[in-house]
Novice: 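Okay, handing you the structure first.
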2 protein chains.
Amino acid sequence: MPNNTRSTTNNTKSTTKLSYIRELSASITEPSTLDNIFDILNQFANISKDAKNELTDIILVREFTKGELILEQGKICKYLYFLKSGFVRGFYNQDGKEITSWFAFENDPVVSMYSFISQKSSFETIEVLEDSIFYTISYENLQMLFKKYSEFNLIGRLLIEKYYIELEERTMSFQYQSATERYKKILECQPQILQKASLGMIASYLGISQETLSRIRNKR
Amino acid sequence: MPNNTRSTTNNTKSTTKLSYIRELSASITEPSTLDNIFDILNQFANISKDAKNELTDIILVREFTKGELILEQGKICKYLYFLKSGFVRGFYNQDGKEITSWFAFENDPVVSMYSFISQKSSFETIEVLEDSIFYTISYENLQMLFKKYSEFNLIGRLLIEKYYIELEERTMSFQYQSATERYKKILECQPQILQKASLGMIASYLGISQETLSRIRNKR
DNA sequence: AAAATCCTTTGACAAAAGTCAAAAAGCGAA
DNA sequence: TTCGCTTTTTGACTTTTGTCAAAGGATTTT
């Protein structure tokens, strides 16, 4: 397999040009690997044929295995990832404790928003919790797309609007709900998190101690 | 003064076309009223002459007096405002209590993000806390600008990116800081809030009871 | 299988924050 | 200034959540 990665990390398991995958999957009946990234982006706006072709050349498919760190605290987030399959979290350190700021599932963007947007060093670390496959685009290439194809600004705007609203809801949850209420909300709206993440990670995500979460779960 | 408002509310004190203000202020030495809105937007990206002219025709200047509600819970937020001067908050109701979700100062955008973006009914109310002057643009006109001038997508994207990052910090503050720490952070980073808002509003903004904030302020 | 490690639960207690009620302070109108 | 209203403070008490320590479980390694 040709190694055409532009990654700064060296723990990449495999890196593949999307166009390569396209050829491979062209004859497969299942929704092809390729179409997924466009499916993700087409939720927001249509992409012209030209832009689609350019995207195909720019996006890389990369795999990471459980335990790998896609981004480490203090480094600059130079890539925007879309999770094709797997399970990932972002966390930051506070008084020696790891505090999970988000979990990502299939089709979610994976990025340290602050670091990627500002291109300053990241306060958060991105950790792969289950073997994962990503679509990857570098900051530079993305900026190029923004300049060259205005429609990407539209997609970018709509995408961040969506995540802004989700974040707003999470903030409100912290603002007026008790730990138990926040837990129940996750139980209802994001049960995948409870199925896949450890108690400690979920607790920090909820902003409470492990012990408290354990007690909530076992009804006091 | 010509009444050319397109507002759905009927408590508007005055509505003025920006072009009208431009003429008025053309001879004034002080930074003109007009330039401000472009100053705000130019922080993010340059605006072409054409776009600038069109903006000038679309943006209205509106004044609201203390106590007025720019947007009420349950209604759709049809306007994006930029606060030229004054003081505003957004709040929502929870178990009969008003919970302040944000405060806005000079140059801040004022909008119920969820309602404006989705054009669904708002869960928050926007209240004018001090007589305020706004630059106003309707949802339809903004969408028109997004379509016609791709540079506005860039501005829109950068603007929401900025507020996403701010919201992220606020969320993290709820996640791992105590009430006292959150209060001190505001004391340091947003002292204007403490100077202008009532204790009750600040308390709900911090996600704590009035009594607790009073005790924090008076060192237990 | 035993050892080591990690994750989760439980208990006892401490600290943080909420609730309710009443008093005090501030503020505006008459 | 006084009255009436709202906001803020204070006290007493309760509830929620955190901390520390130890005990169980589960899983992996040797």
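Just so we're clear, the structure is a prediction, and the values are computed from it rather than from any experiment. Just so we're on the same page: letters track the sequence lines, and every chain starts at 1. Reckoned from all heavy atoms, side chains included, excluding hydrogens, waters and symmetry mates.
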Novice: Considering only side-chain heavy atoms of A:Arg217, which listed nucleotide, D:dT19, C:dT9, D:dT10, is closest?
Specialist: C:dT9
Novice: Any side-chain N or O of B:Thr212 under 4.0 Å from OP1/OP2 of C:dA17?
Specialist: no
Novice: Checking contacts here: which listed nucleotide (D:dT8, C:dA17, D:dT19) is nearest the side-chain heavy atoms of B:Leu199?
Specialist: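 Side chain of B:Leu199 sits closest to D:dT8.
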Novice: Is any NZ, NE, NH1 or NH2 atom of the basic residue among B:Arg89 and B:Glu98 found under 4.0 Å from an Asp or Glu carboxylate oxygen of the other?
Specialist: yes
Novice: Ring pair (Phe, Tyr, Trp, His ring centres under 6.0 Å) with A:Phe64: which of A:Phe134, A:Phe87, A:Tyr79?
Specialist: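 In the set A:Phe134, A:Phe87, A:Tyr79, the residue that makes a ring pair (Phe, Tyr, Trp, His ring centres under 6.0 Å) with A:Phe64 is A:Phe134.
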Novice: What is the distance, to the nearest angstrom, from the OH atom on B:Tyr176 to the C1' atom on D:dT19?
Specialist: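 Atom-to-atom, B:Tyr176 to D:dT19, this comes out as 20 Å.
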Novice: Please report, rounded to the nearest Å, how far the C1' atom of D:dT28 is from the NZ atom of A:Lys66.
Specialist: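 In whole Å, D:dT28 C1' lies 11 Å from A:Lys66 NZ.
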Novice: Between C:dG18, D:dT8, C:dA17, spot the one nearest the side chain of B:Arg215, thanks.
Specialist: C:dG18
Novice: Tell me whether the guanidinium CZ or amine NZ of B:Arg170 lies under 6.0 angstrom from the six-membered ring centre of B:Tyr205 and within 45° of its axis.
Specialist: yes
Novice: Taking atom C1' of C:dG18 as reference, at what distance in whole Å does atom CD1 of B:Ile216 sit?
Specialist: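 Answer to the nearest Å: 12 Å.
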Novice: Please give me every residue in residues 204-211 of chain A whose heavy atoms get under 4.0 Å of an atom in DNA chain D, ordered by residue number.
Specialist: A:Gly207, A:Ile208, A:Ser209, A:Glu211
Novice: Could you tell me the separation between the CZ atom of B:Arg182 and the P atom of C:dA16, rounded to a whole number of Å?
Specialist: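 Rounded to the whole Å, the gap is 13 Å.
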Novice: Show every ring-ring contact (aromatic ring centres under 6.0 Å, His included) that has at least one partner inside residues 111-130 of chain B, sequence neighbours left out.
Specialist: B:Tyr114-B:Phe123, B:Phe116-B:Tyr139
Novice: Can you give me every donor-acceptor pair (side chain of residues 184-198 of chain B, partner residue at least two apart or in another chain, under 3.5 Å) with its distance?
Specialist:
unit_1   : atom_1 : unit_2   : atom_2 : d
B:Lys185 : NZ     : B:Glu169 : OE2    : 3.4
B:Lys196 : NZ     : B:Glu130 : OE1    : 3.3
B:Ser198 : OG     : B:Met201 : N      : 3.4

Novice: Taking atom P of C:dA17 as reference, at what distance in whole Å does atom CD of B:Gln177 sit?
Specialist: 11 Å
Novice: Mind calculating the distance between CD (B:Glu181) and C1' (C:dA16) to the nearest angstrom?
Specialist: 12 Å
Novice: I need the CG-C1' distance between B:Leu213 and C:dT19, as an integer number of Å.
Specialist: 16 Å
Novice: Measure from NZ or CZ of B:Arg157 to the centre of the six-membered ring of B:Phe44 and say whether it is under 6.0 Å with the direction within 45° of the ring axis.
Specialist: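 Here B:Arg157 fails the 6.0 Å and 45° test against B:Phe44.
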Novice: Can you measure A:Asn218 atom CG to C:dC7 atom P for me and round it to whole angstrom units?
Specialist: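 The answer, rounded to whole Å, is 18 Å.
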Novice: For D:dT10 and B:Lys219 - does any side-chain N or O of the residue sit under 4.0 Å from the phosphate oxygens OP1/OP2?
Specialist: no
Novice: Which heavy atom of A:Tyr163 sits nearest a heavy atom of A:Asp108, and at what distance?
Specialist: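 Nearest pair, atom of A:Tyr163 first, then A:Asp108: OH-OD1, 3.6 Å.
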